[in-house]
Structure formats: structure tokens, C-alpha cells
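For reference, the structure is listed below as C-alpha cells.
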Amino acid sequence: MRIATWNINSVTARLPRLLAWLESSGTDVLCVQELKCTPAQFPHEELRALGYEAAVNAVGRWNGVAVISRAGLDDVVTGLPGGPVYEDAEEPRAVAATCGPVRVWSVYVPNGREVDHPHFAYKLRWLEALRAAVAEDAAGGRPFAVLGDYNVAPTDDDVWDRSAFEGATHVTPAERAALADLREAGLSDVVPRPLKYDHPFTYWDYRQLGFPKNRGMRIDLVYGNAPFAKAASDAYVDREERKGKGASDHAPVVVDLDV
DNA sequence: ATGGCTGGCTCCGCCAGA
């Protein structure tokens with residue numbers, strides 16, 4: 001089974017690439033983030049034509065996540081149980097589904113903006129709620145993973161230049177401690193191999209030639225429980241998908257599972 | 001070929017992304 005996560009930065013703008021990539025990659029289960037669409041705008045019909053169904057959590061302009069599967073779609077949970085609100089809104093940042101032998105969450109962790117911004121405290125509360133929500137599945141015997149855009153670089157090797165991130169979000173001890181809490185709950189970082197260069201970056205800013213200069217970050221993560229990690233036979237970043245006109249600023253992370 | 005932001009929305013600038 002081939003499973004992947006990809007921040008597509010608008011499902012509407014990315015639809016041709018999304019459909020083409022699903023077909024060319026042979027992905028069975030794809031967790032997507034940043035749909036930027038209303039429920040009515042989600043392309044269920046186009047996906048169904050390729051044999052996929054989708055569990056969607058979206059409300060409009062910002063955020064939005066989905067699990068797209070051709071391996072089954074059961075026991076859907078929409079939204080993060082016990083998750084915090086931001087400015088009185090429950091943002092669409094999580095959706096879960098069981099796809100055949102595997103259960104997955106597709107998550108879009110809040111960005112945080114600045115370390116002294118209310119959004120940063122919201123980010124930490126969100127990650128704590130995520131840990132609580134997935135603890136039971138993380139400790140269970142069924143292959144389980146939380147895939148998505150975590151907006152945290154787990155180590156200094158996961159950014160192109162640590163000195164460029166002084167005082168910035170995504171690299172702070174508090175954010176990394178939240179990831180450590182997830183690992184404590186029974187999940188491990190299924191680190192992909194890069195298809196080029198030394199670091200398996202998953203995101204490159206659109207600005208200032210970020211991609212050609214490989215000024216990237218590894219912030220799209222696959223955190224799997226022990227049965228999931230054991231079943232993983234390969235994992236890689238499909239950086240080819242970051243190339244060309246109409247690319248997302250994130251590349252897909254792909255995991256092959258023997259299940 | 002991988003090229004100096006992009007997408008969506010309320011409207012022709014602004015916010016958010018990280």
C-alpha cells in the first residue's frame with residue numbers, strides 16, 4: 001500500500017496536478033492539507049472518476065484537510081477532539097479515517113506566526129490536544145499514523161540554515177517538545193529519503209529562488225506507531241512535484257507499507 | 001531545467017503562508 005501526505009495549497013488551483021499525481025504515483029491513501037475550499041467546492045466527482053473517495057473537513061478560504069482513499073474510508077472523525085478554538089472559530093485542521101488495514105489522521109498544525117503571537121500559544125495547545133486525541137491509536141496494534149503539515153522542523157538539520165531561524169517559529173524548544181510528547185505516546189518519525197541533495201526537505205518558499213537554491217524545510221511529517229513503522233518498506237520526498245508552473249510550495253511525502 | 005511568490009477574497013489591495 002502506498003500512502004502519502006501533501007500540503008497542496010488550494011485544491012482548486014492544484015486540481016490538475018493533484019489528479020495527475022494520484023495517477024502517476026499510484027498512491028492509495030493521500031492526506032492533503034490547505035484545501036482552501038468550501039465543502040461544496042471539493043472535487044469529489046473528479047476524484048471518484050479515478051476511483052477515490054474522500055473524507056473532507058473544510059469551511060472556506062483558509063485551512064481545510066482531507067483523506068483521499070481508494071483503499072476504503074471508514075470511521076471518519078471530522079475535526080480534532082478537544083482541540084482549541086482560535087478567535088472563536090473551530091478551524092478545519094484535522095480529519096481521520098480508516099483505510100483498509102491502516103488508520104490515518106490528516107493534520108494541518110497551526111503556523112504560529114510569531115513566538116509572541118497568540119497563534120503560537122494556540123499552536124502548542126493544538127499539538128497537546130492532538131497527542132491526547134491519538135494516544136489510544138498510537139498505543140494500539142493496528143498500523144496508525146498522523147500525517148500532515150506539522151509546521152515544526154524536528155531538528156536543526158531539517159532547515160537549510162539554522163541561523164536564518166533565530167527567534168522564529170518552527171524550530172523552538174517548545175514546538176520540538178510537543179513533537180517529543182507525540183513520540184512519547186508511541187509514534188515515531190518515519191523519515192523520508194531525499195531524491196536529491198542531503199536533506200529530505202518538504203517545503204520551499206516560493207520567493208527568492210527558494211527551491212532552486214534548496215532553501216527548504218522538513219515540516220511535513222509522518223508520525224507512525226510501531227506497527228506502522230515496522231510495515232514501512234520505503235519513504236521518500238517526491239521533489240519532482242515541486243517543479244514547474246503551478247506547483248504547490250510543498251512536495252508530497254510518500255511511504256510504502258507492507259500491509 | 002528547477003528560476004526572483006501564490007491563492008483567495010473582497011474587490012484592483014490585503015491577509016496568510018513559514
Side-chain angles (χ1 to χ4, degrees), chain A residues 5-18 20-21 32-43 58-66 86-87 89 91-93 107-124 126-127 148-176 178-179 194-221 236-253:
Chain A
T5 182
W6 187 16
N7 178 323
I8 54 175
N9 186 18
S10 169
V11 70
T12 309
R14 215 66 58 215
L15 186 59
R17 274 190 178 247
L18 171 64
W21 189 80
V32 288
Q33 302 85 36
E34 279 212 81
L35 299 174
K36 294 184 173 177
C37 72
T38 64
Q41 290 169 327
F42 188 86
V59 299
R61 183 176 188 182
W62 303 118
N63 313 308
V65 291
Y86 186 73
E87 293 180 344
E91 298 180 318
R93 295 180 175 276
V107 300
Y108 179 43
V109 177
N111 171 287
R113 301 184 188 164
E114 310 287 342
V115 291
D116 56 355
H117 193 284
H119 208 257
F120 188 78
Y122 168 60
K123 179 180 195 173
L124 296 179
W126 202 94
L127 283 165
D149 180 353
Y150 280 66
N151 272 317
V152 181
T155 75
D156 285 352
D157 282 339
D158 296 312
V159 295
W160 81 90
D161 179 1
R162 182 62 181 81
S163 67
F165 287 83
E166 286 308 320
T169 59
H170 293 61
V171 296
T172 66
E175 289 163 287
R176 288 175 175 171
L179 291 187
L195 295 187
K196 191 177 179 183
Y197 305 126
D198 296 335
H199 300 280
F201 296 144
T202 65
Y203 162 84
W204 300 260
D205 198 299
Y206 284 126
R207 291 165 289 190
Q208 298 173 314
L209 297 173
F211 184 60
K213 292 182 178 176
N214 201 30
R215 291 179 176 167
M217 305 171 73
R218 185 172 77 94
I219 52 175
D220 299 273
L221 309 176
Y236 62 91
V237 180
D238 188 357
R239 70 185 302 282
E240 296 300 309
E241 189 52 45
R242 180 61 179 80
K243 297 180 179 179
K245 203 170 175 64
S248 171
D249 43 1
H250 296 251
V253 178

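The chains referred to below are lettered A, B, ... by the order of the sequence lines, with proteins before strands, and numbering in each begins at 1.
Side-chain N/O atoms of H119(A) include none lying less than 4.0 angstrom from OP1 or OP2 on dA18(B). Regarding contacts with the backbone of dG7(B), every side-chain N or O of N9(A) stays at 4.0 angstrom or more from both OP1 and OP2. A close approach under 4.0 Å does occur between a side-chain nitrogen or oxygen of R113(A) and OP1 or OP2 of dG17(B). Applying the 4.0 Å criterion to OP1 and OP2 of dA18(B), one finds that N111(A) has a side-chain N or O inside that range. Between R14(A) and the phosphate of dG7(B), there is a side-chain N or O to OP1/OP2 separation shorter than 4.0 Å. Within the 4.0 Å cut-off from OP1 or OP2 of dA18(B), not a single side-chain nitrogen or oxygen of T169(A) is found. Side-chain nitrogen and oxygen atoms of Y108(A) include at least one within less than 4.0 Å of the OP1 or OP2 phosphate oxygen of dA18(B).
At the heavy-atom level, D149(A) lies under 4.0 Å from the strands shown only through sugar-phosphate atoms. Counting any heavy atom pair closer than 4.0 Å across all strands shown, G60(A) reaches no nucleic acid atom. As judged by a 4.0 angstrom heavy-atom cut-off over every strand, F165(A) is placed among residues making no nucleic acid contact. Heavy atoms of T12(A) sit under 4.0 angstrom from primed sugar atoms or phosphate atoms, though from no base atom.
Within 6.0 Å of CD on Q41(A) lie more than 12 heavy atoms contributed by other residues, nucleotides or ligands.
Pair assignment for dG3(B) gives none, since no Watson-Crick or G-U wobble pairing has each distance under 3.5 Å.
Spacing between atom CG of N7(A) and atom C1' of dT6(B) amounts to 12 Å, rounded to whole angstrom units. Separating the CD atom of Q41(A) from the P atom of dG8(B) is a distance of 9 Å, rounded to the nearest angstrom. What separates CG of L195(A) from C1' of dA1(B) is a distance of 16 Å, to the nearest Å. Note: CG (D205(A)) to P (dT2(B)) measures 19 Å, nearest angstrom. Computed from coordinates, the D249(A) CG to dA18(B) C1' distance equals 9 Å when rounded to whole Å. Rounded to a whole Å, the CD atom of E34(A) is 8 Å from the C1' atom of dA16(B). At whole-Å resolution of the value, CZ in R17(A) and C1' in dG7(B) are 15 Å apart. Following rounding to the nearest Å, Y206(A) (OH) and dG17(B) (C1') show an atom-to-atom distance of 10 Å.
For Y203(A), counting side-chain heavy atoms from C-beta on, the closest listed nucleotide (dG7(B), dT2(B), dA18(B)) is dA18(B). When distances are taken from the side chain of W62(A) to each of dA16(B), dC14(B), dA18(B), the shortest belongs to dA16(B).
In this structure, R93(A) forms a cation-pi arrangement with Y108(A), its terminal cationic atom sitting closer than 6.0 Å to the ring centre and no more than 45° off the ring axis.
Nucleotides dG3(B) and dG8(B) are separated by 25 Å at their C1' atoms, to the nearest Å. Rounded to the nearest Å, the gap between the P atom of dT6(B) and that of dA18(B) is 16 Å. To the nearest whole angstrom, the two P atoms, one in dA16(B) and one in dT10(B), are 14 Å apart. dC9(B) sits 25 Å from dG4(B) when the P atoms are compared, rounded to a whole Å.
Counting only N and O atoms by type, the side chains of E34(A) and N7(A) include a donor and acceptor under 3.5 Å apart. Between the side chains of N151(A) and K123(A), no donor-acceptor pair of N or O atoms lies under 3.5 Å.
Ring to ring, H119(A) and Y122(A) are close: their centroids are under 6.0 angstrom apart.
Residue order along DNA chain B, read from the 5' end via each residue's closest nucleotide, puts R242(A) first among R242(A) and K36(A).
Not a single donor-acceptor contact under 3.5 angstrom links the side-chain atoms of R207(A) to the base of dG4(B). Judged by atom type and distance alone, K196(A) reaches the base of dT2(B) through a side-chain donor-acceptor pair under 3.5 Å.
K213(A) has no carboxylate O lying under 4.0 Å from a charged side-chain N of D161(A), or vice versa, which leaves the two without a salt bridge.
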Evaluation steps, ring-ring contact (aromatic ring centres under 6.0 Å, His included), between F165(A) and W160(A): CA-CA 10 Å; F165(A) 287 83; W160(A) 81 90; 5.1 Å; yes
